[in-house]
Student: 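Handing you a structure now.
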Amino acid sequence: MEKIAIFASGSGSNAENIIRHFAGKEDFCITRIYCNVPDAYVLERAKQLGVPATVFTREEFRHPEGIFRQLQEEGTDFIVLAGFLWLMPGHIVEAYPNRIVNIHPALLPSYGGKGMYGHHVHEAVIAAKEEESGITIHFVNEHYDSGSIIFQAKCPVLPEDTADTLAERVHELEYRYFPRVIEETVMDLLD
């Protein structure tokens with residue numbers, strides 16, 4: 001059984017979607033939600049779905065005896081970043097080569113990097129008068145949004161779009177594709 005940990009910083013709608021996708025699948029187990037924001041709604045979602053959660057500080061995240069140790073003790077095989085905003089420490093990236101994935105709300109390599117998340121991305125896409133946006137699912141390395149791309153899906157940017165309306169269209173792509181791509185990526189690792 002592949003044990004998957006999810007890291008999230010916000011409301012957790014993608015985390016919930018992933019948990020629901022893997023519920024009842026014998027080959028997969030969502031072991032824990034890790035969160036760096038003590039009042040993030042993802043913690044309530046985890047509680048409602050019966051998934052354990054850990055809230056941690058920056059020091060616990062960066063120190064090898066902190067979160068990394070817990071991942072190792074729980075036998076974590078794969079890590080999913082679902083709206084998690086901190087850069088993964090090198091010791092975690094090294095321990096999980098091609099076993100950490102992230103979703104980004106734009107078509108990388110454009111509109112990525114530090115500070116490019118959520119509405120910041122959608123506002124930048126609209127300001128640049130792009131005709132399309134979308135999602136990128138990629139492996140995580142030691143730099144923001146620069147790991148190898150696994151999957152992209154596109155949606156149009158309409159002339160009347162606001163950051164909110166574009167975000168809705170991008171969220172639809174996230175919900176449709178992220179759980180499936182995670183499953184396919186984990187299965188590819190097992191082959």
Side-chain angles (χ1 to χ4, degrees), residues 2-22 28-47 49 51-64 66-72 74 76-106 108 111-122 135-152 167 170-171 173-175 177-179 181-183 185-186:
E2 292 296 293
K3 296 180 177 179
I4 301 171
I6 299 174
F7 281 71
S9 298
S11 78
S13 59
N14 268 312
E16 178 176 346
N17 192 39
I18 293 163
I19 292 165
R20 291 190 184 283
H21 175 83
F22 286 106
F28 301 91
C29 174
I30 305 297
T31 56
R32 183 172 298 276
I33 296 285
Y34 289 90
C35 183
N36 59 325
V37 180
D39 60 351
Y41 192 69
V42 68
L43 299 169
E44 179 61 29
R45 290 183 197 264
K47 183 178 176 184
L49 294 165
V51 175
T54 295
V55 177
F56 57 89
T57 64
R58 192 173 292 276
E59 178 61 27
E60 290 168 322
F61 185 55
R62 289 181 173 163
H63 197 281
I67 294 305
F68 177 67
R69 179 178 217 148
Q70 188 171 0
L71 289 166
Q72 297 287 291
E74 290 190 339
T76 304
D77 299 301
F78 200 82
I79 298 171
V80 173
L81 308 186
F84 184 68
L85 302 181
W86 288 356
L87 190 64
M88 292 300 281
H91 62 274
I92 295 178
V93 173
E94 288 172 18
Y96 292 92
N98 291 330
R99 289 182 173 268
I100 307 173
V101 297
N102 182 45
I103 190 163
H104 186 75
L108 293 174
Y111 307 103
K114 186 176 174 92
M116 291 303 284
Y117 61 90
H119 278 307
H120 301 289
V121 174
H122 305 310
I135 61 168
T136 302
I137 301 167
H138 63 93
F139 288 114
V140 172
N141 61 21
E142 293 182 45
H143 307 281
Y144 282 110
D145 303 322
S146 64
S148 299
I149 292 171
I150 302 166
F151 176 87
Q152 290 185 309
V170 170
H171 279 308
L173 295 175
E174 292 173 351
Y175 301 152
Y177 292 110
F178 199 20
V181 171
I182 294 166
E183 184 172 354
T185 303
V186 172

Student: Going by the angle between their ring planes, with limits at 30° and 60°, are Phe61 and Phe84 parallel, tilted or perpendicular?
Tutor: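 Plane angle over 60°, so perpendicular.
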Student: Could you check Tyr177 against Ile135 for side-chain contact (heavy atoms from CB on, under 4.5 Å), going step by step and ending with a plain yes or no?
Tutor: CA-CA 9 Å; Tyr177 292 110; Ile135 61 168; 4.1 Å; yes
Student: Check the pair Glu174 / His171 against side chain to side chain donor-acceptor pair (under 3.5 Å), numbers first and verdict last.
Tutor: CA-CA 5 Å; Glu174 292 173 351; His171 279 308; 2.9 Å; yes
Student: Report the C-alpha distance between Thr185 and Phe151 in whole Å, list the side-chain angles of each, state the deciding distance to 0.1 Å, and finish with yes or no for side-chain contact (heavy atoms from CB on, under 4.5 Å).
Tutor: CA-CA 10 Å; Thr185 303; Phe151 176 87; over 6 Å; no
Student: Would you mind reporting whether Phe178 and Asn17 have side-chain heavy atoms less than 4.5 Å apart?
Tutor: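 SC-SC contact between Asn17 and Phe178 ruled out.
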Student: Would you say Arg45 and Ser13 make side-chain contact, with heavy atoms under 4.5 Å?
Tutor: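 Yes, side chains in contact.
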Student: Under 3.5 Å, side chain of Thr136 to main-chain N/O of Gln152, donor-acceptor pair present?
Tutor: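 No, because the side chain of Thr136 does not come within donor-acceptor range (under 3.5 Å) of the backbone of Gln152.
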Student: Could you check whether the rings of Tyr117 and His120 sit parallel, tilted or perpendicular, using 30° and 60° as the cut-offs?
Tutor: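 Perpendicular.
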Student: Hey, could you give me the CD1/NE2 distance between Ile149 and His104, rounded to the nearest 0.5 Å?
Tutor: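 Taking CD1 in Ile149 and NE2 in His104, the distance rounds to 10.0 Å.
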Student: Taking the side chain as every heavy atom from C-beta outward, state whether Phe78 and Val101 have any atom pair closer than 4.5 Å.
Tutor: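 Phe78 reaches Val101 side chain to side chain.
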Student: Out of the candidates Gln72, His91, Arg69, only one should pair with Pro64 under the side-chain contact (heavy atoms from CB on, under 4.5 Å) rule; please name it.
Tutor: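 The residue from Gln72, His91, Arg69 that satisfies side-chain contact (heavy atoms from CB on, under 4.5 Å) with Pro64 turns out to be His91.
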Student: Supply the atom-to-atom distance Ile150 CD1 to Asn98 CG, rounded to the nearest 0.5 angstrom.
Tutor: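 Result: 8.0 Å between the selected atoms.
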Student: What orientation do Phe22 and Phe28 show, parallel under 30°, tilted 30 to 60°, or perpendicular over 60°?
Tutor: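 Tilted, since the angle between the ring planes falls between 30° and 60°.
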Student: Please report the shortest heavy-atom distance between Pro89 and Arg62, naming the atom on each side.
Tutor: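 Pro89 and Arg62 have their closest heavy atoms at CG-CA, 4.2 Å.
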Student: Run the side-chain contact (heavy atoms from CB on, under 4.5 Å) check on Glu16 and Ser11 step by step: do they pass?
Tutor: CA-CA 9 Å; Glu16 178 176 346; Ser11 78; over 6 Å; no
Student: Going by heavy atoms in the side chains, are Phe68 and Tyr96 under 4.5 Å from each other?
Tutor: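 A side-chain contact under 4.5 Å exists here.
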Student: Give the minimum heavy-atom separation between Thr54 and Gln70, together with the two atoms involved.
Tutor: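 Thr54 and Gln70 have their closest heavy atoms at OG1-NE2, 3.2 Å.
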Student: Between Asn36 and Arg58, does the side-chain contact (heavy atoms from CB on, under 4.5 Å) criterion hold? Intermediate values first, please.
Tutor: CA-CA 7 Å; Asn36 59 325; Arg58 192 173 292 276; 5.9 Å; no
Student: Once rounded to the nearest 0.5 Å, what's the spacing between atom CD1 of Ile6 and atom OG1 of Thr76?
Tutor: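 If I round to the nearest 0.5 Å, the distance is 11.5 Å.
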Student: Closest approach of Leu43 and Pro38, non-hydrogen atoms and distance?
Tutor: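 Heavy atoms of Leu43 and Pro38 come nearest at CD1-O, 3.2 Å.
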Student: Got a donor-acceptor contact below 3.5 angstrom from the Asn102 side chain to the His138 backbone?
Tutor: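 Not a single qualifying donor-acceptor pair exists.
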Student: For the atom pair OG1 (Thr57) and NE2 (His63), what is the distance rounded to the nearest 0.5 Å?
Tutor: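 Atom-to-atom, Thr57:OG1 and His63:NE2 are 11.0 Å apart.
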Student: To the nearest 0.5 Å, what is the distance between CD1 on Ile30 and CD1 on Ile182?
Tutor: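 CD1 of Ile182 is found 7.0 Å from CD1 of Ile30.
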Student: Ignoring hydrogens, what is the shortest heavy-atom contact between Ser146 and Asn141? Give both atom names and the distance.
Tutor: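 So the two residues come closest at OG-OD1, 3.1 Å.
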Student: Over all heavy atoms of both residues, which pair between Ala15 and Ala82 is shortest? Give the atoms and the distance, please.
Tutor: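 Heavy-atom minimum between the residues: N-CB, 4.2 Å.
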Student: From Met88 CE over to Ile100 CD1, what is the distance, rounded to the nearest 0.5 angstrom?
Tutor: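 One gets 4.5 Å once the value is rounded to the nearest 0.5 Å.
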Student: Would you mind telling me which of Ile79, Ile19, Val80 makes a side-chain contact (heavy atoms from CB on, under 4.5 Å) with Ile4?
Tutor: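 Considering Ile79, Ile19, Val80, a side-chain contact (heavy atoms from CB on, under 4.5 Å) with Ile4 is found only for Val80.
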Student: Looking only at heavy atoms, which two atoms of Ile67 and Phe56 are closest? And how far apart?
Tutor: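 Closest pair (atom of Ile67, atom of Phe56, distance): CD1-CB, 3.5 Å.
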Student: Which residues satisfy the ring pair (Phe, Tyr, Trp, His ring centres under 6.0 Å) test with Tyr41, sequence neighbours excluded?
Tutor: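 Tyr41: no ring pair (Phe, Tyr, Trp, His ring centres under 6.0 Å) contacts found.
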Student: According to salt bridge (Lys or Arg N to Asp or Glu O under 4.0 Å), who are the partners of Glu74, at least two apart in sequence or on a separate chain?
Tutor: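 Here the qualifying residues are Arg32.
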